[in-house]
Amino acid sequence: MKTQHELLIGGKWQTAVSGKRFQTRNPATGEVIAEVAEGDATDIDRAVAAARKALDGPWGRTDPSERGKYLRRMADLIRKNAEELALLDTRDCGKPITDTRTVDVPVAAEFFDYFAGLPDKICGSTVPVGDGFLNYTLREPVGVVGQITAWNFPILNAAIKLAPALACGNTLVLKPAEDTPLSALELGRLSQEAGLPDGVVNIVPGYGPTAGEALVRHPGVDKIAFTGSTEIGKHIMRVAADTVKHVTLELGGKSPNIVFPDADLDAAVAGALFGIFLNQGQVCCAGSRLFLHETIYDKFMEKLLAKAKSLRVGNPMDEKTQLGALVSAKQLKRVGDYVESGKAEGAKLEIGGARPKDSKLDKGCFFTPTVFTRVKRDMRIAREEIFGPVSCVMTFKDEDEAVSLANDTTYGLAAAVWTRDISRAHIMARRLKAGVLWINVTTHFSWATPYGGYKESGFGREMGLEAIGIYTQAKDVWVNLSREPNPWCN
Ligand code: NAD
């Protein structure tokens, strides 16, 4: 059944001023599942005004501990509506229902719980400046925050944006990805049920070049928190410069996964598969470059290919499915084009590289788990983010070569190392240039730990206590303790 959705602006559900709507499809079936009001610059303007009014009004005066209670209610409401939210993301995004039930939705609730404890612990400091003065800092919200998200973890990407921004006392306008706007709209509805004052949370779906760009350009927006591609992230940084906005960027990746010969090979095989094929490879920190020590290459590949062949691609609503559909026909074409480029540049396609041969999946955007060997560091498939279920395997002969290959990328989001040698593990953790380092594990994170990129994978950390640094600003207060007038005037 097709549902209809409006924009959440100033606590009211409103149609777009233009009257336009766009459709969102279930990528596993091709069926249109919803029609969504299409926000543009005019709607963004109204949403920013509502967010400003709420910031200058009730929300700006809300006690920190009260702010925490709203967030706790959000966590509870997500849990109460967990099944509906899981179904929504599975239908909108094509991801397996087991993933949305066990990871995306419960972890989204955890984000609100974690940040619910924060508001009354965000402290300024006193600064020792000598006898004549008292100096202290206030940590104040940045203000009205514009948030723009990617489609790969719809509810989770939205929760990662909303929870820290609200904990720090900001108000916000969220523009979710046009491919998957539904769970963000539902979070908007839950924010009303949680009792958040009107205008604190505004949700304005729409397209990037219209609604997204208007948010970045808007002079009433103090900060942009962006999750998406490096290409658009660079553009956002340029546009935001005109109004000197705070900017944080969670961008793309091409993360290395390095296996040394002393590793537990079965664990490393399982980790490599999870690292690249989870969410159909549509994960920013996916271990898309797999580096194997040359002495274990044959044994490792035999195990990896056997297991990769047995992965279950299928209907996302089936609890046994491990890989669902890619998000859209556009993404399916992108992945297919990269596979062709890999073949043309001389990489060896070991498995996959095509749509599954199952007539039941014909209408959906499915793609089989794909593994390339004989990949060279200068090939496009080794350098560019594919954002699909494609693993690129290379070999190395020693630690130095592994580091050189792994760091030979413009990205720096995550890196994984498999070894039982504790010294090597920690030395590699220091030598690899990435914001997140995994030892004997892949694609693992928590609301409590800082997550974000080095290099062209972005900057700013929205998880853990580091989020305070990007969602507040320091105000420094000088108090003159002297009873005498300024001697300069004598
Ligand atoms: P994208 O950059 O095309 O779009 C991301 C968002 O930006 C969407 O909401 C889109 O509408 C908006 N947008 C597009 N053009 C815009 C413009 N001119 N101004 C303002 N907003 C604009 O990325 P995508 O294809 O949706 O997502 C995939 C990318 O996201 C991958 O590169 C992936 O690695 C990255 N990602 C990163 C993280 C992270 O935490 N680092 C997490 C998830 C996804």
Side-chain angles (χ1 to χ4, degrees), residues 22 24 36 38-41 44 92-93 95 104 111 146-161 173-181 184 203-218 221 224-240 242 245 247-255 276 278-288 326-328 330-335 338 384-388 409-414 434-436 443 445 447 449-463 467 470:
F22 67 99
T24 172
V36 182
E38 182 189 325
D40 64 14
I44 289 290
D92 210 8
C93 194
K95 56 200 316 169
D104 301 45
F111 267 92
Q147 306 189 313
I148 301 173
T149 52
W151 42 258
N152 60 337
F153 288 90
I155 192 171
L156 204 44
N157 285 340
I160 291 169
K161 292 271 177 280
V173 179
L174 171 73
K175 191 211 82 65
E178 51 271 40
D179 283 314
T180 57
I203 314 281
V204 184
Y207 290 100
T210 50
E213 181 102 10
L215 200 51
V216 183
R217 289 195 184 279
H218 202 294
V221 172
I224 290 291
F226 174 75
T227 299
S229 63
T230 293
E231 184 195 347
I232 301 293
K234 288 179 183 177
H235 172 71
I236 281 176
M237 231 174 134
R238 286 185 209 107
V239 174
D242 281 344
K245 286 183 174 48
V247 175
T248 45
L249 302 173
E250 297 276 8
L251 307 178
K254 193 76 190 170
S255 300
I276 183 59
L278 172 74
N279 205 32
Q280 302 71 250
Q282 303 166 132
V283 179
C284 49
C285 55
S288 49
L326 302 185
V327 74
S328 62
K330 183 176 158 208
Q331 196 62 17
L332 184 66
K333 178 174 180 323
R334 176 189 168 97
V335 174
Y338 271 111
E384 297 174 19
E385 184 185 39
I386 300 173
F387 219 53
T409 168
T410 52
Y411 293 108
L413 194 50
V436 184
T443 311
F445 69 93
W447 42 90
T449 60
Y451 179 89
Y454 276 22
K455 305 199 290 190
E456 291 191 14
S457 289
F459 54 82
R461 303 289 183 266
E462 290 178 308
M463 303 184 193
I470 63 162

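The shown structure was predicted, so the numbers you read here are calculated from the model rather than taken from an experiment. Just so you know, these numbers use all the heavy atoms, side chains as well, and skip hydrogens, waters and symmetry mates. When a ligand or atom number is given, it counts from 1 through the structure's own listing order.
Using a heavy-atom distance under 4.0 Å as the criterion, the protein contacts of ligand 1 are Ile148, Thr149, Ala150, Trp151, Asn152, Lys175, Ala177, Glu178, Gly208, Gly212, Glu213, Phe226, Thr227, Gly228, Ser229, Ile232, His235, Ile236, Glu250, Leu251, Gly252, Cys284, Glu385, Phe387, Leu413, Tyr451.
Applying the salt bridge (Lys or Arg N to Asp or Glu O under 4.0 Å) test to residues at least two apart or on different chains, the pairs with a partner in residues 451-460 are Lys234-Glu456.
Heavy atoms only, all atoms of each residue included: Glu178 and Phe22 are closest at O-CE1, 3.2 Å.
The residue from Val173, Ile236, Thr210, Val204 that alone fulfils the side-chain contact (heavy atoms from CB on, under 4.5 Å) condition with Leu215 is Val173.
Salt-bridge annotation for Glu462 and Lys161: present, with a side-chain N of the basic residue lying under 4.0 Å from a carboxylate O of the acidic one.
Between the side chain of Asp40 and the backbone N or O of Ala211, no donor-acceptor pair lies under 3.5 Å. Side chain of Ser457 to backbone of Gly412: a donor-acceptor contact under 3.5 angstrom is found.
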